[in-house]
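A short worksheet on the structure shown next.
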Amino acid sequence: MRRNPLAAFSDSARRPRAILWSGVILVGIAVFSAVSVIGTSVNWFCTDPCHIVHEDNTKTVMAGTHSQVNCVACHEPVNANPLIFILKKIEVAPDAIPTILGTFNLPMNENNFVAVQMADLHCTQCHSLATRMVTPSDGIIIDHDMHTASGVTCPTCHNRVAHPEENVEYTLPEDEKHENWMMMDACFRCHDLEPGGQAPGRCGACHPAKFDLVPPSHDAAGWYAAFGESRGHADAAEAEATAVAEATSRTAEWPEIERAVGPVLAPVSTVNTCHTCHLNSFCADCHGVEIPHPQAFYSAHGQAGLADPAACARCHARSAGESKGTQFCSACHHPQGRPGEAWLPQHNGTVRMEGADRCFECHDPQYCETCHVSGKEAADAWMRANAR
Ligand code: HEC
Ligand code: HEC
Ligand code: HEC
Ligand code: HEC
Ligand code: HEC
Ligand code: HEC
Ligand code: HEC
Ligand code: HEC
Ligand code: HEC
Ligand code: HEC
Ligand code: HEC
């Protein structure tokens, strides 16, 4: 025979006890739920039982301005009804398994998808930009309304606000630090100096007039000097181009990452730092020629050099003296000569010491004769006519 569980309620003798026990059970469930929800929402729960997982994140929170703010204020839905809130808790419950087994993924939050997916509401529940005066650091201009209007969320820039990593040593060996999207390079994921970008890149958009626009890297010895050591900027430019190419080649992996974690933003490492401050034409105008030189250039460099020697001297002259006329050609062609001194008065000494065989790798004997017989002007004309 099936027992009717509600039978006790129709029996007047058992009814008071049934009501009492029902009440006790309901209160028990309510207390348990409240304790679980509150208990799993305090920082202690996020940090201590999950200590190993969140050791690094807790350290960074403690180092920042949000150390007194609950983890859940930013990491759970805002003002959600209790049901959604509980469902969210149940949804993440399986995370307990990798936590206990120590098999969670590291580094944490690679590609910063947590910031990309966090809504404005997480921040605006405490910070109303309508009522708060924003006082940016000296030299920085920011227009919050314009970004909100364009759908750019707070953590798209303030991604490390609660987790500053600069002065924190990470404990978990495989954990890695993240890009900080408050840096200028990060603004240039959207802003662009070249015309036609999504947002303006001119310095005045983000910096006031008296701001010192030259970064410290440029003051280093060897960065650039006319006819002096200029390798500094060249090495920095090459290192940057290599890093950007490497980061960009990994964009092929994005669709897969997005399938796993949802949308991510282009990493800052795909932004070329040099071109946050310099138009491509700034480099090209000074170089005057394509760098590195294209293959076809080599076989025609003589003509190009004679046509505009000053354009080559900028890089190939080893001194101001060698930048006059075509003397820089000798930096490569007559390396036996003393740098900075004209080659003509030296060539006879070299021929006497080494003989003229090597000279004829480039020079036709006719060339030497033209000069020796008809003078320098005839030789220059010959050179101009015969350089390839
Ligand atoms: C003021 C908001 C806020 C608070 C409070 C906060 N976080 Fe975060 N948290 C964020 C944001 C924003 C990110 C995304 C960072 C990114 O993608 O670069 C994040 C990222 C994380 C990550 C991913 C790893 C990382 O460092 O990017 C973990 C784990 C995390 N938080 C845990 C916690 C824990 C644990 C607490 C409490 C001790 C906490 N958070 C408090 C906003 C917050
Ligand atoms: C629970 C409330 C709360 C939440 C949620 C919160 N903040 Fe804050 N925030 C504070 C408090 C408190 C301070 C420290 C006092 C102050 O400067 O107003 C602060 C400070 C700041 C500062 C200035 C100090 C600094 O470190 O630069 C910024 C910027 C900021 N919060 C941005 C954010 C962003 C972005 C989010 C969302 C990811 C967020 N906050 C979420 C309460 C909150
Ligand atoms: C496009 C990037 C960007 C976005 C998006 C953005 N901010 Fe900011 N925010 C900045 C910059 C840059 C500063 C100035 C930082 C400085 O002082 O160097 C700033 C300053 C602030 C400050 C003042 C900090 C202080 O010390 O006074 C607060 C608060 C703040 N933002 C909150 C927010 C909130 C809330 C949102 C989302 C509604 C948001 N920001 C969206 C870039 C952004
Ligand atoms: C996700 C894209 C995005 C990022 C990242 C971003 N911005 Fe913007 N920004 C925009 C857009 C879009 C506009 C509006 C352009 C328009 O409508 O002309 C804008 C406009 C601005 C303006 C107003 C420019 C004007 O017209 O005078 C300032 C100032 C600004 N951003 C500063 C910043 C700073 C500082 C950062 C980095 C901390 C930053 N932005 C990062 C998208 C972005
Ligand atoms: C979209 C906004 C934005 C634009 C446009 C912008 N900057 Fe910046 N810049 C920033 C922010 C934000 C910082 C502070 C964070 C940092 O140090 O990267 C900064 C910092 C700097 C610094 C000091 C940090 C360093 O790298 O030494 C220099 C110098 C600078 N900018 C030069 C320029 C020049 C030159 C231009 C124009 C060609 C320019 N900026 C255009 C946002 C911008
Ligand atoms: C934060 C802005 C900023 C960044 C980033 C930047 N530059 Fe510059 N750079 C400047 C400014 C400003 C000048 C001075 C321009 C002028 O005088 O017209 C300058 C000048 C130069 C010059 C001319 C020589 C000199 O020092 O005056 C060279 C060469 C140069 N930059 C190369 C580079 C290379 C290569 C990179 C990348 C590795 C780079 N710059 C990144 C702002 C920047
Ligand atoms: C003021 C003139 C000037 C400006 C502006 C300039 N460069 Fe240069 N660049 C030179 C000189 C001179 C050399 C030769 C340096 C050497 O090898 O000693 C050079 C060499 C280079 C090289 C080495 C080429 C190779 O094949 O080895 C690279 C790369 C380079 N520059 C990149 C840049 C970039 C990128 C910019 C713009 C952000 C820039 N330069 C702006 C003068 C300039
Ligand atoms: C950066 C070094 C460099 C500079 C500067 C340079 N050259 Fe050359 N040039 C070479 C090299 C290397 C060769 C190939 C030599 C060989 O084949 O053995 C060459 C070959 C030539 C040849 C072909 C010789 C032949 O094999 O018939 C001519 C003509 C020539 N250069 C003209 C010039 C002139 C004119 C200038 C100055 C305006 C100049 N070069 C500057 C490196 C240079
Ligand atoms: C902005 C600097 C720059 C300018 C301007 C420049 N070059 Fe070069 N050139 C280089 C650098 C750096 C190299 C060596 C690396 C490479 O192969 O690109 C080079 C290599 C060469 C070589 C090959 C040398 C060899 O040993 O194989 C020749 C030839 C040459 N340049 C000729 C010229 C001539 C001619 C001009 C003028 C029309 C010129 N270059 C302008 C930077 C410059
Ligand atoms: C790699 C090719 C090359 C070799 C090898 C070479 N030269 Fe030249 N030489 C040139 C070029 C190119 C010029 C034209 C540059 C100029 O007008 O200054 C030149 C110019 C000259 C000039 C005229 C300089 C002036 O100021 O008008 C003399 C003299 C000369 N070479 C002698 C020699 C002698 C001697 C040798 C052997 C020791 C030699 N060259 C080896 C390429 C070469
Ligand atoms: C631009 C004109 C010019 C060209 C081209 C030229 N020479 Fe000369 N050469 C001279 C002059 C001028 C002298 C005398 C130099 C001196 O005594 O200072 C000289 C002297 C010499 C001497 C020494 C002669 C002596 O009697 O002491 C030799 C050897 C020589 N040249 C070889 C060559 C060879 C080889 C070439 C071709 C590869 C060449 N020259 C091309 C102008 C030229």
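Both ligands and their constituent atoms are indexed starting at 1 by order of listing. Residues take their numbers from the sequence shown, with the count starting at 1.
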To atom 25 (C) of ligand 1, the nearest of M108, H163, H178 on a heavy-atom basis is H178
Under 4.0 Å, counting heavy atoms only: does T60 come that close to any atom of ligand 1? no
So the atoms of ligand 7 within less than 4.0 Å of a heavy atom of R314 turn out to be 12 (C)
(message) Tell me whether H275 has any N or O atom under 3.5 angstrom from an N or O of ligand 7.
(response) no
Connected via hydrophobic side-chain network under 4.5 Å: I141 and F211 = no
Atom 29 (C) of ligand 1: of N57, V69, V168, D56, the nearest heavy atom sits on N57
Q.
Parallel, tilted or perpendicular: which one describes the rings of H293 and Y298, with boundaries at 30° and 60°?
A. perpendicular
Heavy-atom proximity to atom 16 (C) of ligand 1, picking from D175, N70, N109, points to N109
Of C74, A162, C126, C154, the one whose closest heavy atom lies nearest atom 2 (C) of ligand 1 is C74
Quiz item: Quick one: does R160 get an N or O within less than 3.5 Å of an N or O on ligand 1?
Solution: yes
Of all protein heavy atoms, the one nearest atom 17 (O) of ligand 7 is R231 NH1, 3.0 Å
Atom 4 (C) of ligand 6: of C277, A220, G232, the nearest heavy atom sits on C277
Closest to atom 8 (Fe) of ligand 1 by heavy-atom distance, out of H54, H66, H75, K59, is H75
Only residue of N57, V114, V92, N70 satisfying side-chain contact (heavy atoms from CB on, under 4.5 Å) with H75 is V114
Only residue of N159, D120, T148 satisfying side-chain contact (heavy atoms from CB on, under 4.5 Å) with C154 is D120
Contact check: N159 vs ligand 1, nitrogen or oxygen atoms, below 3.5 angstrom | yes
Under 2.8 Å from atom 8 (Fe) of ligand 7, protein N/O/S atoms total 2
The NE2(H218)-atom 8 (Fe) of ligand 6-NE2(H278) angle, to 10°, is 170°
If you compare F188, F282, W223 by their heavy atoms, the one closest to atom 23 (C) of ligand 6 turns out to be F282
Are any N, O or S atoms from C71 nearer to atom 8 (Fe) of ligand 1 than 2.8 Å? no
